[in-house]
Number of protein chains: 2
Amino acid sequence: MSGQSIRLLLADDQALVRGALSALLGLEPDLEVVAEVGSGDAVLPAVLEHRPDVALLDVEMPGLDGIAATAEVRRAAPDTRVLIVTTFGRPGYLRRALQAGASGFVVKDTPAAQLADAVRRVHAGLRVVDPGLATDSLLAGESPLTSRETEVLQAARDGSAVAGIAAKLFLSEGTVRNHLSSAIGKTGATNRAEAVLTAEGNGWL
Amino acid sequence: MSGQSIRLLLADDQALVRGALSALLGLEPDLEVVAEVGSGDAVLPAVLEHRPDVALLDVEMPGLDGIAATAEVRRAAPDTRVLIVTTFGRPGYLRRALQAGASGFVVKDTPAAQLADAVRRVHAGLRVVDPGLATDSLLAGESPLTSRETEVLQAARDGSAVAGIAAKLFLSEGTVRNHLSSAIGKTGATNRAEAVLTAEGNGWL
DNA sequence: ACGTCGCCATGACAGATGTCATGGCGACGT
DNA sequence: ACGTCGCCATGACATCTGTCATGGCGACGT
């Protein structure tokens with residue numbers, strides 16, 4: 001397998017970005033894009049069919065997100081290494097991506113020239129992590145929210161009232177308020193909306 | 001000037017996307033990327049220096065946004081045509097972009113192969129508009145919000161309470177609540193949070 | 001000159017929200 | 001067996017929010 005070109009899979013929900021990244025990486029003589037997909041659900045089938053050396057996954061995708069797709073790929077195709085390429089440097093994303101088995105994590109405002117290098121390093125078995133993000137990630141740490149609190153905050157994202165959240169989760173309204181209250185406390189917010197924002201910013205949702 | 005290659009400027013805050021688009025467009029023999037910038041403020045100086053035929057601008061950028069940059073370019077360099085390339089198909093964006101003098105509007109999930117065509121059409125003096133978006137845009141129309149209502153909603157985006165918004169805008173709390181209430185009514189929401197979301201979704205903020 | 005409209009403000013009211021105390025249930029580790 | 005913890009629930013309370021009626025002010029168009 002050595003001496004051959006590195007086989008790549010690209011996953012990004014925006015077709016234009018996907019195609020552009022393909023063009024960018026295709027310029028490198030030692031890299032070859034063998035598959036492109038636009039949703040998280042399509043990642044694993046494509047990996048199994050094309051057996052790429054490295055899979056570049058976005059985190060935000062319809063269906064399965066990049067983190068969940070990473071876990072799937074690691075389980076079903078351990079030879080394929082995963083490099084997360086994402087828009088948002090949410091601190092929690094990095095930690096969760098690495099826990100899921102990703103070999104690298106790059107945000108989309110790193111210079112284009114470095115992407116090919118990141119791919120080569122990942123392929124070589126090294127770990128590639130955005131330097132600025134690493135420190136933030138350690139500071140933010142794990143989500144302090146329990147699973148219910150997380151669910152309630154997720155349901156509150158669209159501006160639903162307590163009654164709506166309770167109906168969606170089959171809970172009593174009082175319980176929803178209790179979960180919200182403790183989530184607000186844990187996030188240091190004073191507010192439901194604030195709690196949603198900080199939890200999102202930390203990648204806890 | 002005909003027979004020559006089309007000179008392009010790229011503006012996108014994400015370096016990776018910028019570089020990738022550059023690679024993609026650079027593959028076309030009749031296109032040439034002559035400048036790349038990462039913020040809205042840098043667009044006009046770069047246009048004046050390099051005199052591109054077509055400027056590809058993202059809407060979401062630090063500093064000046066793509067719409068404002070479009071207006072600047074049209075005013076100071078009328079020969080440069082503007083093609084907006086953006087992530088979000090917010091209905092209001094299209095209308096505002098066209099009003100600002102953009103010649104085209106493409107969302108980032110159109111196939112990569114079509115981008116070069118869009119550039120050529122814009123350069124030829126044609127108008128290029130994402131077909132799916134055009135109808136939405138007509139439906140959504142202009143923002144129904146008054147300037148104060150817009151300001152109040154913007155201030156409410158971070159989850160601030162009425163008191164905080166009032167302090168920020170030097171208004172009475174009652175007045176803030178009135179503006180919020182009418183904004184909620186106009187957006188068809190039942191809620192401050194919902195109002196913020198739908199206003200954002202329509203590009204009214 | 002008049003009506004309309006946006007903007008600011010006040011006061012009052014109903015309903016939603018956030019907090020707190022309290023209690024029951026099941027899972028888990030020691 | 002016991003303590004701890006997450007989860008669910010209830011009731012009560014203070015506060016925040018959203019609505020409505022009302023009024024004054026200035027700008028604008030007819």
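Computed over heavy atoms, backbone and side chain alike; hydrogens, waters and symmetry mates excluded. In what follows, chains are A, B, ... by sequence order, proteins preceding strands, each numbered from 1.
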Query raised in the report: Think H179(A) has a side-chain N or O under 4.0 angstrom from the OP1 or OP2 of dC7(D)?
Result: no
With a 4.5 Å cut-off on side-chain heavy atoms, are K108(A) and V17(A) touching? yes
Nucleotide by nucleotide, nucleotides 21-26 of chain C touches protein heavy atoms under 4.0 Å in the pattern (B base, S sugar-phosphate only, - none) ------
Separation of dC7(C) atom C1' from K186(B) atom NZ, nearest Å, is 11 Å
- Message: Is it the case that the side chains of S182(A) and E149(A) hold a donor-acceptor pair, with the cut-off being a distance below 3.5 Å and no angle test?
- Response: yes
Cationic N near anionic O, under 4.0 Å, D58(A) to R18(A)
no
Check this one for me: any side-chain N or O of S172(B) less than 4.0 Å away from OP1 or OP2 of dC8(C)? no
Contact check, residues 146-163 of chain A vs DNA chain D, heavy-atom distance under 4.0 Å, returns T146(A), S147(A), R148(A)
Rounding to 0.5 Å, atoms CD1 (I165(A)) and CG (L171(A)) come to a distance of 10.0 Å
Check this one for me: any side-chain N or O of R192(A) less than 4.0 Å away from OP1 or OP2 of dT17(C)?
yes
Of the listed dC8(D), dT17(C), dG18(D), the closest approach to the I184(B) side chain comes from dG18(D)
- [ ] Verify the contact: side-chain N or O of S181(A) to OP1 or OP2 of dC20(C), cut-off strictly under 4.0 Å; return yes or no.
- [x] no
Walking DNA chain C from its 5' end, the first of R177(B) and L171(B) to be reached, judged by nearest nucleotide, is L171(B)
